[in-house]
Engineer: 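Have a look at this one before I ask anything.
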Amino acid sequence: MAPSRRDFLVNTTKAGLGLAIGSSLLAACNNSTRKAVTGTNFHPVNDFTQKPLPYAFNALEAAIDARTMEIHYGKHAASYASNLQDAAKAEGVATNGSIEELLTRISKYSAKMRNNAGGHFNHEFFWKTMSPDGGAPSGALLTAINASFGSLDAFKKQFADAGTGRFGSGWAWLYLDGDKTLRIGSTPNQDNPLMDVSIIKGTPLLGLDVWEHAYYLRYQNKRADYIANWWKVVNWNYVTQLHQSLS
């Protein structure tokens, strides 16, 4: 017997509901995966524009000279922000969205988008994780460092090794993985743990730029010396607060 018009409508409605439910579940799964990588409300950089430095160019002289900071911020980082705007316009990405969210699906875009979105986030994050006041990790962050790496000194050595061991240009990272466990790793070029294409994945808490332009004027080829001095300007108050907000 041929199905009635009523049966046809009922079956069509069921199919539509099934598709809608399936799409909702898929979206929920994607959101859960994204949260596991980026953390809830993780927007330390968020937008696509370069912000003023939170200190003077000479404020970090204990580790980084003023001329390096001026060139690094005014030339290198500024070009990432500018090129990101160009890439976003060419590829139809709204620049009033979240840069962190874009990075979680960066594989959908061009190499220009990947390099400049990564470069913009990495540098804006880098400036925030440094301060002339320095400091030391404390509270739950220090407890987690000791639990994950044995001690603060052991953590610093492993982190420094990640930076010195990065062949060519790149970054060293302290990050939270999907299980909220502290990890150390490094990425090439301007990649970072937020990216879906990254060799390490998680939520960054601290990042160190080991491109030569970050240190060459003072340290030349002595990257290890740069890293050793860089600990003097790590903004541990900021890193501690970020860890607390994600834990």
Side-chain angles (χ1 to χ4, degrees), residues 44-45 47-88 99-100 103 106 110-132 134 156 159-175 184-195 197-200 204-235 238-239:
V45 175
D47 65 25
F48 291 58
T49 57
Q50 187 180 40
K51 299 295 185 295
L53 273 178
Y55 34 72
F57 290 133
N58 66 353
L60 306 180
E61 283 280 356
I64 305 171
D65 62 277
R67 183 59 177 154
T68 293
M69 286 296 300
E70 183 179 4
I71 296 171
H72 198 173
Y73 174 83
K75 301 296 184 181
H76 294 282
S79 68
Y80 287 120
S82 176
N83 291 334
L84 172 59
Q85 294 281 341
D86 292 342
I99 187 73
E100 288 88 357
L103 293 172
I106 201 67
S110 67
K112 180 177 181 178
M113 183 75 82
R114 173 178 174 172
N115 292 333
N116 289 288
H120 174 63
F121 173 87
N122 291 354
H123 284 88
E124 290 292 301
F125 189 68
F126 187 46
W127 313 137
K128 288 187 174 185
T129 58
M130 295 188 293
S131 166
K156 287 183 175 182
F159 189 96
D161 288 346
T164 56
R166 167 50 55 188
F167 180 78
S169 301
W171 291 74
W173 300 97
L174 172 67
Y175 64 98
I184 291 171
S186 70
T187 54
N189 303 316
Q190 293 297 346
D191 285 359
N192 62 57
L194 294 173
M195 291 179 169
V197 294
S198 177
I199 56 178
I200 57 174
L205 295 175
L206 182 64
L208 172 61
D209 190 344
V210 294
W211 284 61
E212 284 191 341
H213 64 242
Y215 62 87
Y216 200 81
L217 291 183
R218 176 179 289 185
Y219 300 97
Q220 285 78 53
N221 65 325
K222 298 176 183 177
R223 184 186 288 182
D225 290 352
Y226 158 64
I227 296 173
N229 278 333
W230 174 75
W231 293 113
K232 300 173 184 177
V233 297
V234 171
N235 186 351
Y238 178 80
V239 178

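Numbers for residues simply follow the sequence, beginning at 1. Worth saying up front: this structure is predicted, and the values here are computed from it rather than measured.
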Engineer: Say whether Asn229 and Tyr219, considering side chains only, have a donor N or O and an acceptor N or O under 3.5 Å apart.
Structural biologist: yes
Engineer: Once you round to the nearest 0.5 Å, how far does CZ of Phe159 lie from CG of Leu208?
Structural biologist: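 So the gap between those two atoms works out to 5.0 Å.
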Engineer: About how many Å separate CG of Asp47 and CD of Glu100, when rounded to the nearest 0.5 Å?
Structural biologist: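 Those atoms lie 9.0 Å apart.
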Engineer: Mind checking what makes side chain to side chain contact (heavy atoms under 4.5 Å, CB included) contact with Ala224, not counting sequence neighbours?
Structural biologist: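 Thr164.
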Engineer: Are a donor atom and an acceptor atom from the side chains of Gln190 and Asn115 found within less than 3.5 Å of each other?
Structural biologist: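 There is no such pair (donor and acceptor under 3.5 Å, judged by atom type) between the side chains of Gln190 and Asn115.
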Engineer: Any side chain to side chain donor-acceptor pair (under 3.5 Å) involving residues 52-63? Give me the pairs, sequence neighbours left out, ordered by first then second residue.
Structural biologist: Glu61-Arg218
Engineer: Measure the CG-CZ distance between Asp209 and Arg166 for me, rounded to the nearest 0.5 Å.
Structural biologist: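 Rounded to the nearest 0.5 Å, the CG-CZ separation comes out at 12.5 Å.
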Engineer: Quiz question: by atom type and distance under 3.5 Å, do the side chains of Thr187 and Trp173 form a donor-acceptor pair?
Structural biologist: yes
Engineer: Using modelled atom types only, decide if a donor and an acceptor are shared between the side chain of Thr129 and the backbone of Asn235 within a distance under 3.5 Å.
Structural biologist: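 Absent.
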Engineer: Closer than 3.5 angstrom, by distance alone: can the side chain of Asn189 be matched with the main-chain N or O of Asp191 as a donor-acceptor pair?
Structural biologist: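 Answer holds: no.
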Engineer: For Trp127, does the six-membered ring have the charged nitrogen or CZ of Lys51 within the cation-pi criterion, i.e. under 6.0 angstrom from the centroid and within 45° of the normal?
Structural biologist: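 Judged by the rule (NZ or CZ under 6.0 Å from the ring centre, within 45° of its axis), Lys51 is not positioned above Trp127.
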Engineer: Can the ring centroids of His123 and Tyr80 be said to lie less than 6.0 angstrom from one another?
Structural biologist: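 Yes.
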Engineer: Rounded to the nearest 0.5 Å, what separation is found between the CD1 atom of Ile64 and the NE2 atom of His72?
Structural biologist: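 Reported value, rounded in 0.5 Å steps: 8.0 Å.
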